[in-house]
Structures are given as structure tokens and as C-alpha cells.
Amino acid sequence: MRILLAAGFVVFNVAIYLFMAMLYKRYRLPVLLPALTATFTVVVLLLGFNISYDTYMIGGEWINRLLGPAVVSLAYPLYKQRHVLRENLPAVLGGTVTGLLVGMLSGLLMAASLGFSKIYVLSILPKSITTAVAIQISDNLGGDSSLTSVFVMIAGFTGAIGGPYIIKLFRIRSEAGIGIGLGTASHALGTAKALEYGEQSVSMSSVAMTVCAIVGSIIGPLVAWIMYH
Amino acid sequence: MKMIRVIAEVGILYVFYLAGDALQKLLHLPVPGSIVGLLLLFALLLLKIVPVKLIENGSSFILAYLPMFFIPATAGIMNHLDIFSGRGLLLIAVLIISSVLTMVVTAHSSQWITGLGSRQAGARQSLPADSMGEKRKGA
């Protein structure tokens, strides 16, 4: 019975995702991103049919288990772009490290000074890192992975929608700067936006996104430790 | 046939994840096991110990459907719907401000490092240098 229920929820999850992905392919609007619409639909249906999150997770757990290998698979695009990484290592590392430090500290300090509890503050910490990695960092630090996942989406939309204004307003001029900035602050959503600024921006952004995940998982615990010790 | 390959390659990625996780626990690393697995695979690819053919179909498959894998984790937000109202909106403002800061600081640090200070017309200068990079790659 439990297995049937689990399989049912997996099929439900996959079907909703595939439908939403099809919809996005047709209209290409940022608000139709499957990560957003599919999650929204799942939540609405669960609430509507009065199914608890724990019940849904009997099947959800199966999909969750693939998050580990999903993170590992990021080694492949990074390997394909190893030349981009090698030639721009100082710029990519310098940019992501300073950006991550400023991003993590500013988020923590603002949230903490507004009186939000530790679980919210820690869930904010990995917001600029790609979801699969951010969830695990948040879990390890004592944050809440679903809060983090939503925060990561908000950080992504900030870059994907606000990116062009930020680039103009703050005079970001080089393609490398645009790419590394978008990839570090807004992960995959930023990288999709980088497409509009040329080939170099995209490759820089996707390299920065992966480097940001690696660097962020190292300095994240450090920043949290400084904050709460 | 392609499907079997994909499944087998996802299995290989899973083994890297398990190895990374074991290594993380063994050495008490503060980094998630999956990141250790990523670094392990990246290193073995660079050293040509693992041929890229062994994981390219599986990786491409997972990455193409990536958003699907975090729907269950994200759906947990149904127990925290309060963040979309009242004081929760402050948190959203914090996220947006902090993300803008992240992007600006990152971009300007990178530009400063590549020697394209914000006063120079960076875009124009960076292009020829990079097309050279492309050529070197091909050679």
C-alpha cells in the first residue's frame, strides 16, 4: 500500500512537472518557470485535497534521493568549460568569494536585526546558491530546506527580472562581470538571463554558478559560525 | 538502448555521491557529501581517470530535468505560508536587497580583477581578447 502511494505521488509529481515544462516551452515567460508553477500546483492540490506534506513525502522522498547525484552531475558542465575556468580563475574565484561573503553577511545581518528567528536567518544564508546544493547547506546548518528553496527562487528572480536594471544602474560593463555577477547572485535563473548578453556571459555565468556552489558550501558554515558564536 | 545507458550513468553518479558522502562523514568535513562527490568526479575527469563518456548522458539527463528534483523539497513551503504575508514580506525585501548587493559586488570585483575598471569601456576590450581564448581552446 505504502509503495503504491509512493509510486502514485512520484507519477503525480513527474506529470505536473512535464506539463508545466511544456507550457513554459511554448510561452517562455519567466513566471511560467516549471520550478515555480509545478511547485505551486503541487502545493495547491495538496492543500485542496487535504493531503499532508508528510504523506506526499512518502513518494517525494524517492525524488529527493536524486538530489545528491544531481549535485554530482554539475561536474560535467564544469569539466566541459574547464578552459573558461582556467583562463578566468582569478576573476571567477575573486568575484564569487567576495560576492558570497557580502551576500551571506548582508542577508544574515538584515534578517537578524529585523528580529527573525535563527531558523529563518540560517535558511537565508545559501540563497544565491543553486537549489540542490543550497538545500543541503541549509539542512546541515539547521535551517529549513523548503524555506531555503523558496528563498533561492526569489534570489533567482531578482537576477532574472532585475538583472538588466542592475547592470545599467551599477554600470557593469564587461561580459565577464555580467556573467559572473548573474551566476553568483542568481544561479541557473541568472545564467538563463546571461544568454541575452552573449556567449561569454553565459559560459562565465554557468562556471560561476558551479564555483559559487562549491565555494558557498565551504564558507557558508564559516559565516554561520561567526554569526552564532 | 539510450535509456539503459542513461540509467547506468545515473547509477555511476549515484556511486560518486555515496563515495562523497562516506568521505565527508569519515573526515568530518563541513561541506555536504554531494559537493565532495562533485569535486571527486571533477578531479577524476581532469586527470582523465574517468572518461567523460562514462557520465555525459546521465549528467545531461539529470540537468535537463533538474527543477523536477526539487519540487518535493520546495513543496514543504506549504507548512510555512506565513512568509508570504505580514512580516514575511520584510524577509522577501531582505532577500531582494541582499541579492542585488551580491550581484553588484561580484560583478565589480571580477571586473576589477580582470583589470577592466568600471571607468574603461570594458565590453569592447574584452571581446578580442576572448576570441583569442576561443582559438587557443580549439588548437
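These numbers were taken from a predicted model, which means no experiment stands behind them. Order of the sequence lines fixes the chain letters, A, B, ..., with proteins taken first and strands second; residue numbering starts at 1 for each chain.
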So which part of [X] gets closer than 4.5 Å to some heavy atom of chain B, the side chain, the backbone, both or neither?
X        : value
A:Leu85  : side chain
A:Met153 : side chain
A:Leu67  : side chain
A:Val44  : neither
A:Pro90  : both
A:Leu36  : neither
A:Tyr120 : side chain
A:Thr96  : backbone
A:Ile180 : both
A:Thr158 : side chain
A:Tyr79  : both

Open item on the list: Could you walk me through whether A:Leu66 and B:Val10 satisfy the side chain to side chain contact (heavy atoms under 4.5 Å, CB included) test, starting with their C-alpha distance in whole Å, then the side-chain angles of each, then the deciding distance to 0.1 Å, before giving a yes or no?
Closed with: CA-CA 9 Å; A:Leu66 284 168; B:Val10 170; 4.3 Å; yes
What part of [X] gets closer than 4.5 Å to chain A, counting heavy atoms only: side chain, backbone, both or neither?
X       : answer
B:Leu39 : side chain
B:Tyr65 : both
B:Ile96 : both
B:Leu18 : neither
B:Ala19 : neither

Quick one: does [X]'s side chain have a donor or acceptor within less than 3.5 Å of a partner on [Y]'s backbone?
X        : Y        : result
B:Gln111 : A:Ile172 : no
B:His108 : A:Phe170 : yes
A:Tyr53  : B:Pro72  : yes
B:Ser110 : A:Ala91  : yes
B:Arg87  : A:Leu114 : yes
B:Glu56  : A:Tyr76  : no

Open item on the list: For the interface with chain B, which of A:Pro34, A:Ala35, A:Ala21, A:Gly68 has the highest count of heavy-atom pairs at distances below 4.5 Å?
Closed with: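 It is A:Gly68.
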Task: Pick from A:Leu147, A:Ile124, A:Thr148, A:Val43 with the largest number of heavy-atom pairs that fall under 4.5 Å of chain B - done: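 Looking at each of A:Leu147, A:Ile124, A:Thr148, A:Val43 in turn, A:Leu147 comes out on top.
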Atom [atom1] of [X] and atom [atom2] of [Y]: how far apart are they, to the nearest 0.5 Å?
X        : Y        : atom1 : atom2 : value
A:Arg65  : B:Tyr14  : CZ    : OH    : 6.0 Å
A:Tyr17  : B:Phe69  : OH    : CZ    : 8.5 Å
A:Asp144 : B:Asn79  : CG    : CG    : 8.5 Å
A:Leu182 : B:Thr102 : CG    : OG1   : 12.0 Å
B:Phe70  : A:Ile63  : CZ    : CD1   : 12.5 Å
A:Ser146 : B:Met78  : OG    : CE    : 10.5 Å

Between [X] and [Y], which heavy-atom pair has the shortest distance, and what is it?
X        : Y        : value
B:Thr74  : A:Ser149 : OG1-OG, 2.5 Å
A:Gly107 : B:Val94  : O-CG1, 3.8 Å
B:Ala73  : A:Ile135 : CB-CD1, 3.6 Å
B:Val31  : A:Ser217 : CG1-OG, 3.4 Å
B:Ala75  : A:Val42  : CB-CG1, 4.1 Å
A:Ala38  : B:Ile71  : CB-CD1, 3.6 Å

Task: Closest-packed option against chain A by number of heavy-atom pairs under 4.5 Å, given B:Ile97, B:Ile62, B:Leu95, B:Leu13 - done: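 Among the listed options, the one with the most contacts to chain A is B:Leu95.
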TODO: Determine the option with the most heavy-atom pairs under 4.5 angstrom with chain A, choosing from B:Asp21, B:Leu40, B:Leu91, B:Ile77.
DONE: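 Sorted descending by pairs with chain A, the first entry is B:Leu91.
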Task: B:Ser99 and A:Lys127: side chain donor to acceptor below 3.5 Å - done: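 Note: B:Ser99 and A:Lys127 side chains miss the donor-acceptor criterion.
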Open item on the list: We want to know whether A:Thr98 and B:Ser109 form a side-chain donor-acceptor pair, criterion being a heavy-atom distance below 3.5 angstrom.
Closed with: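 Yes.
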Open item on the list: Run A:Leu74 and B:Leu63 through side chain to side chain contact (heavy atoms under 4.5 Å, CB included) and show every step you take.
Closed with: CA-CA 8 Å; A:Leu74 289 170; B:Leu63 292 173; 3.8 Å; yes
- [ ] Would you check, one step at a time, whether the test side chain to side chain contact (heavy atoms under 4.5 Å, CB included) holds for B:Ile35 with A:Gln136?
- [x] CA-CA 10 Å; B:Ile35 287 284; A:Gln136 289 175 359; 5.8 Å; no
